[in-house]
Number of protein chains: 2
Amino acid sequence: MTADAADPKPYHHGDLSRALVEAAERLLEREGASALSLRAVAREAGVSAAAPYHHFKDKNELLNAVARLGFEQMGQAMKKAIEGLATPSERMNAVGVAYVCFARENKALYNLMYDPGRDRDFRADAPQSPDSPLAIVMAAIRENAPPDAALIDIQLSQIAGWCAAHGLAQMAGNKDFDPLKAALGGEKAFFSQVLSHLGMYRGLKL
Amino acid sequence: MTADAADPKPYHHGDLSRALVEAAERLLEREGASALSLRAVAREAGVSAAAPYHHFKDKNELLNAVARLGFEQMGQAMKKAIEGLATPSERMNAVGVAYVCFARENKALYNLMYDPGRDRDFRADAPQSPDSPLAIVMAAIRENAPPDAALIDIQLSQIAGWCAAHGLAQMAGNKDFDPLKAALGGEKAFFSQVLSHLGMYRGLKL
DNA sequence: AAGATAATCTTTACAGCGTTCAAATCCGGG
DNA sequence: CCCGGATTTGAACGCTGTAAAGATTATCTT
């Protein structure tokens, strides 16, 4: 209680930049993406409509900051999901399921992170950090590859696996999948099974 | 030249509903998604801003009509891509590549079709029609499955293949993939190879 | 300590958006 | 011929993103 519960109006908010990002994330999960206007974010943070422009060049830049936060949270959730798993195969499967689950549980945030209509200045999902979702997926697939695999095959498999997880994350809400989900005993099992069936796309046996 | 090049101002436009959808699609590929306002579409069609409301309840409903048109065009492009291909394996690969290619060549339209932020009243991509992109992908994967495969495995593989194609379509613009694309001799080869490597996600040999 | 300078926030303003409503315009059936 | 219903327009409302100018507070220099 040293810096947080200060006076109600410090007039120079202190750390408005962070407060705006947090207000935006709060608004995003409370009211959905359509309610996420710059003015609404400013309102939620208790500040005037023009104040954000001293911390972000654009609405787009504020959304980029929200997305960056989302990538961190997603990476942490995925790391927690593979804690204590022994085999590379188990870890790879858990990473994929965790990826899709996070996307489903934070639908609006995930859509914001990968919105193809926005200018994202940072790399698609901050692959430079080893804790980014993409890096975690890449590592899990690499470590599960056969030891004699060629580098290019590993790379292509990594991309394929990531694309499949991303596609599943976006399509998982499709109502046509409901009977299949029920037959398998829930969404998580459905995600796991879909990812496990990737190989059959080529007509291979499992 | 019987009905198209009529008077410049028929005042009761004749078929404004279709004209609006076409104006929207034109605007979409000329100026991009951010320029696709209802007022801009009306302007492009040479009509007042309130006119669309007698043919579409919403902006959203107009966009749904544009998306429907996009699904038809995409299905036709995919059917043309498998004409004359002999084996199920060839057809499946061509379908996947055609799917991703159409999405890349009509980026704004494809994003509109699968925009997760919009209310889409029709089924995700009109699966009732056998010419819909989803139906074509499903059929190509089914016909390439081993004859003794269980129904549920086929279904899961269909979903997996579709998700992978969709994910690749959205991620294909990632600059990180450029060296790989170059090494393989172009985007089309890259798409084909990524889809062919789906199986390796499970550590299987190709 | 005091005053200058920079950073932050507010107020006001503008153009564009989606949408609604009343008034104007056109078309087909009596 | 004229009337009723469909179509289109014009103006209006509240919302948005963004810019400019003024007010307020923090920081730096001396």
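Every chain is numbered from 1, with letters handed out A, B, ... down the list of sequences.
- Residue B:Arg39 has no polar side-chain atom (N or O) positioned under 4.0 Å from OP1 or OP2 of D:dT9.
- Counting non-hydrogen atoms under 4.0 angstrom, B:Ser48 reaches a base of the nucleic acid.
- Each of B:Tyr114, B:Tyr110, B:Tyr99, B:Phe102 was compared with B:Phe71 under the ring-ring contact (aromatic ring centres under 6.0 Å, His included) criterion, and only B:Tyr114 meets it.
- Sorted by first and then second residue, the side-chain hydrogen bond (donor to acceptor under 3.5 Å, both in side chains) pairs involving residues 36-49 of chain A (not counting sequence neighbours) are A:Arg26-A:Glu44, A:Arg30-A:Glu44.
- With distances taken from any side-chain atom of A:Tyr53 to the nucleotides C:dG18, C:dC9, D:dG17, the minimum falls on D:dG17.
- When each of B:Asn60 and A:Ala49 is assigned the nucleotide of DNA chain C with its nearest heavy atom, A:Ala49 is the one assigned upstream, toward the 5' end.
- The interatomic distance linking B:Lys57 (NZ) with C:dT20 (P) rounds to 9 Å, in whole Å.
- B:Glu31 has its CD atom 11 Å from the P atom of C:dC17, to the nearest Å.
- Nearest nucleotide to the side chain of A:His54, out of D:dT9, D:dG17, C:dT10: C:dT10.
- Note: A:Glu143 CD to A:Ser89 OG = 12.5 Å, rounded to the nearest 0.5 Å.
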Indicate every side-chain donor-acceptor pair of residues 183-193 of chain A with a distance under 3.5 Å to a residue at least two apart or in another chain.
from: A:Glu187; atom 1: OE2; to: A:Lys181; atom 2: NZ; distance (Å): 3.2
from: A:Ser192; atom 1: OG; to: A:Asn93; atom 2: ND2; distance (Å): 3.0

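- Taking only side-chain nitrogens and oxygens, A:His55 comes nearer than 4.0 Å to OP1 or OP2 of C:dC9.
- Taking for each of A:Ala50 and A:Ala40 the nucleotide of DNA chain D with the nearest heavy atom, the 5'-most of the two is the partner of A:Ala40.
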Run A:Arg18 and A:Asp15 through salt bridge (charged side-chain N to carboxylate O under 4.0 Å, His left out) and show every step you take.
CA-CA 6 Å; A:Arg18 178 176 313 273; A:Asp15 195 355; 3.3 Å; yes
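- Whole-Å rounding puts the B:Leu38 CG to C:dC17 C1' distance at 9 Å.
- Atoms CG (A:Asp58) and C1' (D:dT16) sit 14 Å apart, rounded to a whole Å.
- Between the CG atom of B:Leu63 and the P atom of C:dC17 there is a distance of 14 Å, given to the nearest Å.
- Across D:dT9, C:dC9, D:dG17, the shortest atom-to-atom separation from the side chain of B:Ala51 is found for D:dT9.
- In terms of phosphate contacts, A:Arg43 brings no side-chain nitrogen or oxygen within less than 4.0 Å of OP1 or OP2 of D:dC15.
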